[in-house]
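Below, chains carry the letters A, B, ... as their sequence lines are ordered, and counting in each starts from 1.
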Amino acid sequence: MDLTTFLQQLINGASLGSMYALIAIGYTMVYGVLRLINFAHGDIMMVGAFFTFMATAAGLPFTLAVLLGILGSVIVGVLTDKIAYKPLREAPKISLLITAIGISFFLENLFNVIFGGVPKAFSAPDYLTKIFHLGDVYLPITVIIIPIVTVAILSGVLWVLYRTKYGMAIRALAFDIPTVKLMGIDADRIITLVFALGSALAAVGGIFYAVSYPSIDPLMGVIVGLKAFAAAVLGGIGSVTGAVIGGFILGFTEIFVVALFPELGGYKDAFAFFFLILVLLFRPTGIMGEDLERSRF
Amino acid sequence: GVVLPLTGPIAAFGQTSKGGLDIAYEQNHKLKNGDNVKLVVLDDRGDKVEAATAVKRLLNKNNATVILGEVASGNSMAMAPVAEKAKTPMITHASTNPRVTKGKKYVTRACFIDPFQGAVMAKYALDNGMKTAVVVTDAKQDYSVGLSKAFKKAFTAGGGKILKTVLINSGDKDFNAQVSTIKSQHPDIIAFTGYYPEAALMVKQARAMGIKTPFIGADGVGFPELVKIGGKAAEGFMYTDHFNEAAASSPEAKAYVEAFHKKYNKPADSMGALAADAYGMILSAMNQCIDEGKAPTDKECVNDKLRNTKGYKGVTGVINIDKDGNAVKSAVINEVKDGKFAYKTTVNP
Amino acid sequence: MLELKDLTVHYGVIAAVRGIDMKIEPNTIVTLIGSNGAGKTSTLNAIVNSVKKKGTVIFDGKDISKEPTHQIVQDGLALVPEGRRVFINLSVDENLRMGAFNNDENFERLRAEMYRLFPRLDGKKQQLAGTLSGGEQQMLAIARALMSEPKMLMLDEPSLGLAPKIVGEVFEIITELKKSITILLIEQNAFAALKIADYGYVLENGSIALEGESENLLGNDEVRKKYLGG
Amino acid sequence: MSAALLEVRNVTMKFGGVTAIDNLSFKVPEGSTYGLIGPNGAGKTTIFNNITGNYIPTEGSIIFDGEDITGTRPNKVVAKGIARTFQNIRLFKSMSVLQNVLIGFHDQIHYNYFEAIFRLPRYHGYERRIKVEAMGILEEFGLAEYADNEATALSYGNQRKVEIARALATKPKLLLLDEPAAGMNPIETEDLSNIIRKIKEDYDLTVLLIEHDMKFVNAMCDTVTVLDYGEKIFEGRPADAIVDPKVVAAYLGDFTHA
Amino acid sequence: MKNAIIKMLLILLTLGIISWANQTLDSYTLSILNNIGIFAILALSYNLINGVTGQFSLEPNGFVAIGAYVTALFLIPAADKIDMFALVDPAPIVLEMQARFLPAIFAGGVAATLVALFLSFPVFRVRGDYLAIVTLGFGFIIRIFALNTPAYTNGAMGLNDIPANANFLWIGSLALFTLIVMLHIVYSKYGRAMKAVRDDEDAATAMGINTFKIKTVAFMTSAFFEGVGGGLLASFLTTITPDQFSFLLTFQLLIIIVLGGLGSMTGALVATVLVMGSMEWLRFLDEDMVLFGMHTGEHPGMRMVVFAILLIIMMLFARKGLFGDRELPEFIKAKLKRKDEV
Ligand SMILES: Nc1ncnc2c1ncn2[C@@H]1O[C@H](COP(=O)(O)OP(=O)(O)OP(=O)(O)O)[C@@H](O)[C@H]1O
Ligand SMILES: Nc1ncnc2c1ncn2[C@@H]1O[C@H](COP(=O)(O)OP(=O)(O)OP(=O)(O)O)[C@@H](O)[C@H]1O
Ligand SMILES: [Mg+2]
Ligand SMILES: [Mg+2]
C-alpha cells in the first residue's frame, strides 16, 4: 500500500469510527442507567433520519429538518421508555430486553408499512457534502465535522455525568433506583431525561449517517445498531469514553481488514467480532469497563 | 397464488414486484371463459421457512392453480420442491439462479439466468475496448456471487484481465476501503455485480474519491433509487437489464408503461415488469387450456403450456421457455444519463 | 410528627404488615422492635411509599399516603435504608451531594458539619463509597440522609454487621440528633435501642403486640423473654 | 488439645495497593470452635476467601488436614472438606429450601449424565437417598416444615439456618461461618448457638467463625484471634480478649451496650 | 412405579397422535406443525443454557447453521454436490460425506456439540452482557464463514435439493424426545447444579460445583439439540443458505423462551406454539379488511406490527413469562394452592 492509499484509508477509518462512536455513546448511556441493552436504539436512529428526510421532502430548510428529526427521535425514545420500559423497572432484565426487541420490530415494521422497504435518497445541503483534496487524498468534510461533533458531545456528556448533580444521579441510578428516590430525586424524570438525551444522540448519529451514506430505509439501524453495541462493549459497556474508543477501534479494524486483505473483505464483520472476542478474552469487561456484576463474598 | 417478501430485509424487491403485478392484474384479470382470476398474495418476510409454508397455505387453503414467486433464488428454491411435489406449476419472475428450475418439471421462470447476464456484461465491456476490470462481489448474495463468476469467465475468455476482486456485504454503507483499493488498481472498468443500494453508495463514494472509471452492473442495480441516491455520481453507470421503458416498442409494453405511469407516477422498473410478464404468461397458459377445452385450473395443462411458452410477447420482450424451464430472451443495456435510464442497446441470446 | 393509621402491606398473598397504628411525637426517639420477618422494614418502606400499601400516613400534618417517594423525602422525611445502600460507584463527597440534591444552597455548610460529626469520613472525601468498610458506609448513609435537613429520620438496623465500638459511636450520634429532629429507629439490639429511646413499639407477625414508654418495655417480662434474652 | 486441622501460615493478601491481610498466622485445632473478630474492614472475610480459594493469597500458605491447599480452586476446596456460609446470605433464590440443601450433595452423587437423561437405576437410587438425608438435616435445624417453601421467602434467621444446612450437606470437616448471628435478636442468637453446638457434635465438625456479637463469641469459641488492619493483635481465650486493652481500643470501645 | 407407567402411556399416546397427524393432515397444517416441532426442539435446548443455566447467550443461530450444513452435506448425494457447487469445486471431504437420514441428523448434532466444547473456553471467561455479545459475535462469524468457504458450503448459493426425509413423524418424535431429555436433565443433579449456577455462581462454587464444567455441559447439550434441529430444518426445507441463520433466528427463539418463562421447558413448548402459530394466524391483518364499514386496504407487514405490539403487551402483563420458571404441572399446582389460601 502506498502512502497516499494508506493516508486515505486512515481517513476512511476515522470517518467510519467516529460514526460508530457517535452512535455508541447513546447506546452506552442508556445502558448506563438501566442496565438495558436497548436493541431499539438503532431504530430510534432510523426514526431520526426518517423524520429529517420527511421534513426536507416537505421543503423545510435543512437545519429546521434536523431539529425536527431530533425532536421526533426524542419523542419516540421517551414514549418507548414510558410504554415499554417503565412498567418493567422491577421486572427481570431479560423481560425488558424482549420488550426492547419488540419495540425494535414494531418501529421497523411500522416504517415499512408506512414508507415501504425501498431505500430513500437522503439529500443533504452542499456544505455537508463538500470534499477537500489534499494532493491525491480526498477528505470529505464530514470526516472533519463528525469527529468534532463526537468529541464535543463526549465532553458534554462527561461534563454532565461527572460535574453536575444530575450526572451523579444518573450514575447512581445504574446501581440503585430505590435509594436514589430516597434522596428526594424523581428517578423516573431523570430516566426520561436520559432517554431523551440518548435518543437525541441517536438522531444526531442517524442524521450524520444519512448525510454520509445518503440512503435510508426502515432497517438501516439494525446493522449499525449492532456495530455500535459491539463498539460499546469493546470499550466497556456503560463507559462513555470507552464507547468512543471502541467505536474508533471498530472503524479502523473494518477499514484496514478490507484495505490490507481485499480477498478477505467478506470476513470484514467476522473480523470486527473476532477482534472484540479477543479483547474480551484478555479484558473480560472491555477496555474501560468495570465489572458491574462483581460480587463481594 | 403469489409469494413475495413484502417485509423484512429484501422487502424492497417484493414491494416493487407487487407494484408491477398489480398493474398487470388491473389490466387484465378475465380469462377467455369469462372467469375472474383471483390473486392471493402472501408475505414471507424474506424467510425460507415462511416461503415454504406460504406455498402450502396457498395449495391447501386457497386451492391455488399456479404459484408465482419468489424474488430471491434461495426462497424460490425453498418453494420449488413443495410445488413440484404437489404437481403444481410455479413460475418465478426474478430468481436468476440456474438451480431454481434445475431438474424440476413444474418450475418455470420469466427471466434469464445469471450466466447469460454475466456474459452479456463481459461482452459489452470487451466490445467497448475495456481490457482490465475489477470485480465487486457482494459476498452475501448468491446472485452476485454467481454473476461475478460468469462475468469473470466470459471476460477472461474474451481476452480481458481481472485485476482484483473486492468483496462487499449487502447492508454495508461504507465502501471507502474498497474504493481506495480499486483506485490503486486503475482498471478500465468496474464490474459491479451486487444490488442497487450498495451500487448507489459505492459509485458515489468512488466518484467522491476521484475515480472516473466506468461501472457496469446487472439487473440488480436497475432501480430508480440508483439515481436518486447516487445522484450525479451515478451518471454513466451501465447495466444489463430485462427491460427499459424507452426500449418498450411492443404495444403490450407500451400499455403497461402507460398504466404504470398513471398509477405510480414514476418510471416503470424491471422487477415489476417481470412480475407482470410472469402473470401474463400464466394467463396465456390458462387461456390456451381453455382453447383446448380444458379447465383453466387444470394444473397439468397449465404447466404444460407454461413450459412450452413460445414467442410470448411480454413487457420485457419476447419470451421463449427452453426445455429446462428457463426463459430465453434478450437483454438490454442501459446507461444512466441525466438521471434517467437511457437505453443503449439490446443483446440477443 | 408522624401518624400511621391502619397501615397494611402485602407481598402477593403474604401479609407482612397487618393494619398497624402508630403515633410519633416531635423531637423524640421511637424504636420499633420485633423478630426477623416481623414487618419492621416493610413498615418503613411503606411509610415512604417504596412498597405498595394500604392505609393512611400523616406526616407533619399532611397526608402523604399517596405521595411518590421522592416527594415524601422532599417534605422532610428521610430514611436510612436497611443494608446501608450507599452509592458504591460515587465518592464520599458525591454521596453527600446526592443527599442534598434538593438542598443546593445549604450543601457546603452541611457537608462541613457532617465531616465534623463523622470525622472518620473527613479523610476519605474522594474515596469511592464501595471501598469503605461497613462501619464507614453506615456513617455515610446516616450523613447522606441528614444532608436533606429532614424533620424526621428513620433508621433501619443501623448497627447490622458493625463492630461493637462503631455501634457505640452510631448510638451516640443518634442521641445527639434527638436534640434537633425526630427519630424512628429499628434495631435488633433491642436493649440498646430501648435505652436511648423515649417510646417503643413491639411488632409481631405484622401487628403491634405491645407499646409503651421505653423504661416500661425494658421492665416488661414478655419483652425481656422474647427480645432481650436471659 | 488435638492437632491443627487448619493452619494459616504467614498469609499476606494485597488488593492493588491495599494490604488486607498482613503476614497472618494461626492454627485451628481439630474439633474446636475458633473465633475471628476485629473491626470492620480488618480482613476477616478476606482470610475466609483465602481459605476457600476465592482469593489466592499474595504470600503465605493455607494448610488443611496436613495438605497445602493454597490456590486450590473453590469447588475443589469443598471436596477436601471445607464448607462456608456467606456474610450476606446467598441462597439459590429460585429454589425451594429442600433443593437448596440437595445442591450440597452434588459431589456425593455418582450417576453420570446419561444415567440422568435416561433415568437409569442409579439415578433413582441416589435421588431417593439424598432426599432422605437432606430431610434429616432440615429436621435437625427445625426447618422440615419449610422444605417446599421458596428459600428466600423465609425470615432472615431461618435463611441463615438454611445456609448452614446447605453447607453441612457437603459433609465438611471444617465449617466456616461468616457472621452467622448478624441481624438476629438475642433470643434467636441463642437458638442458633444451640444448633451449632449440636451439629458440631453430630457431624464431628471443626468450626471457624467470624462474629461481631461478643456475647455469642464468648459463649461459643474456645479461642479467638483478633485482627486489626490485617494483623493479629490478640490470640487467646475470648474472656481474656474482652479485657485486653489493645482489643478494647481497636474493636470494642468503651461503650458497652449488651 | 405408577408414575412411570402413566408416563409411558402418555408418551405412547403422543406418538400415536403424531403418527396419526402425519398420515391424515393436509400439507399446510403439517407444515405449521413441523415448524412448531423444529422450533420446539430449538427453543427447548436454547432454554437449557439461557433459561436453566442463566447464561445470556445469543448463539443458537450458529449451532443451528452448523447442524443444518453438516446434515445437508451428509444427505446430498455426491453427484448432486459436484453439480451444485457453482463457485468452486467441493472439497474432497465434502464429497465423501454420505450417510442415511438418522446418522446424518446425529452428525449435525455432534458437530455442533464439538464446536460448543471448543467455544466454551472463550465464552465462559466472560459474564452477563459481555457473554451476550461474544456469543452473538460467534453466530455472526459462523454465518460469515458459511458465506466465505464455498468449497464446503457453496457460499451464498447455499445448498439445495437436500433429500426431504424429515416428515412430521420424525420431527414430532424428536421434539417429544427433546422435551423428555430436557425435563430429565432439569430434575437431576445436573439440572439442579445448572439452576444453582444461574442463581448464584459463587455460592454454587462454594457447594463444590465446578461451574465451568456445568456451564459447558449445558452449552454442549444445548448445541447438540440445536444442531439436530438445524439438520431437521435443512431436510424439511430441502434448501439452506447462510442468510437464513441470522440473529433474527436467535431473537425469535429468545422471544419464545422468555415468553414461556425462562427455565420452564413446558413453557417454552407452549410459547413455541403461540409465537409460531401467531405469525400464521395474524396473516389476515395483511389483507384488506372491512372495519366499521370501511375498507382498510392492504397493508403488507401489518401482521408484524401487530405481532410486535402483542409481544410487548404480553411481556408487560407476564413479566416472568407464562409460567415463571416452573413447569406446567407445578404451575397449575401453585395456582390451585394459591386459590385455597385466599
Ligand atoms: N419483596 C418481598 N417479597 C415477598 N415477601 C417479602 C418481601 N419483603 C419482605 N417479605 C416478607 O415480609 C415479611 C416482613 O419482612 P420485613 O423485611 O418487613 O421484616 P423485618 O421485620 O424488617 O425483618 P428483619 O429483622 O429480618 O429485617 C417477611 O415474612 C418477609 O419474608
Ligand atoms: N475484592 C476486593 N477488592 C479490593 N479491596 C477489597 C476486596 N475485598 C476486600 N477488600 C478490602 O480489604 C479490606 C478487608 O475486607 P474484609 O471484607 O475482609 O473485611 P472484614 O474484616 O470482613 O470486615 P466486616 O466486618 O465489615 O465484614 C477492606 O479494606 C476491603 O475494602
Ligand atoms: Mg428488616
Ligand atoms: Mg466481612
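Chosen from D:Tyr123, D:Tyr113, D:Tyr126, the residue pairing most often with chain E at heavy-atom distances under 4.5 Å is D:Tyr113. The residue among E:Gly191, E:Ala204, E:Ala203 with the most heavy atom pairs within less than 4.5 Å of chain D is E:Ala203.
A donor-acceptor pair under 3.5 Å is absent between the side-chain atoms of E:Lys195 and the main chain of D:Met95, judged by distance alone. One N or O on the side chain of E:Asp199 and one on the backbone of D:Ser94 form a donor-acceptor pair closer than 3.5 Å.
From D:Ile89, atom CD1 reaches atom CG of E:Asp200 across 12.0 Å, with rounding to the nearest 0.5 Å. Here D:Glu115 contributes atom CD and E:Ser188 contributes atom OG; the two are 11.0 Å apart, rounded to the nearest 0.5 Å.
Residue D:Ala116 touches chain E through both its backbone and its side chain, counting heavy-atom pairs closer than 4.5 Å. When heavy atoms are compared at a cutoff of 4.5 Å, E:Ile209 approaches chain D by way of both its backbone and its side chain. Neither the backbone nor the side chain of D:Thr52 comes within less than 4.5 Å of any heavy atom in chain E. Contact annotation for E:Ile180: neither backbone nor side-chain heavy atoms come within less than 4.5 Å of a heavy atom of chain D. Using a 4.5 Å cut-off between heavy atoms, D:Ile82 does not touch chain E at all. Heavy atoms closer than 4.5 Å to chain E are found in both the backbone and the side chain of D:Tyr111. For E:Phe212, no part sits under 4.5 Å from any heavy atom of chain D, backbone or side chain.
Smallest separation of non-hydrogen atoms from D:Pro74 and E:Thr205: CB-CG2, 3.2 Å. Taking each heavy atom of D:His106 and E:Ala193 in turn, the nearest pair found is CE1-CB, 3.5 Å. Counting all heavy atoms, side chain and backbone alike, D:Ile103 lies closest to E:Ala196 at CD1-CB, 3.7 Å.
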Q: Go through E:Lys189 and D:His110 one step at a time and tell me if the side-chain contact (heavy atoms from CB on, under 4.5 Å) criterion holds.
A: CA-CA 10 Å; E:Lys189 78 165 192 172; D:His110 300 293; 5.7 Å; no

Q: Would you please test E:Ile185 and D:Ile117 for side-chain contact (heavy atoms from CB on, under 4.5 Å) and show each step?
A: CA-CA 6 Å; E:Ile185 293 173; D:Ile117 288 177; 3.7 Å; yes

Q: Evaluate the salt bridge (Lys or Arg N to Asp or Glu O under 4.0 Å) criterion for residues E:Arg192 and D:Glu127: first the C-alpha distance (whole Å), next the side-chain angles of each, then the deciding distance (0.1 Å), finally the verdict.
A: CA-CA 12 Å; E:Arg192 279 195 300 266; D:Glu127 287 293 311; 3.1 Å; yes

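Proximity of D:Arg166 to E:Met207: side-chain heavy atoms (C-beta onward) are separated by under 4.5 Å at one or more points.
Within a 6.0 Å sphere centred on NZ of D:Lys27, other residues, nucleotides and ligands contribute 12 heavy atoms or fewer. Sparse packing is recorded around CD1 of D:Ile56, with 12 or fewer heavy atoms of other residues, nucleotides or ligands lying under 6.0 Å away. The environment of D:Arg73 atom CZ is sparse: at most 12 non-hydrogen atoms of other residues, nucleotides or ligands sit within 6.0 angstrom.
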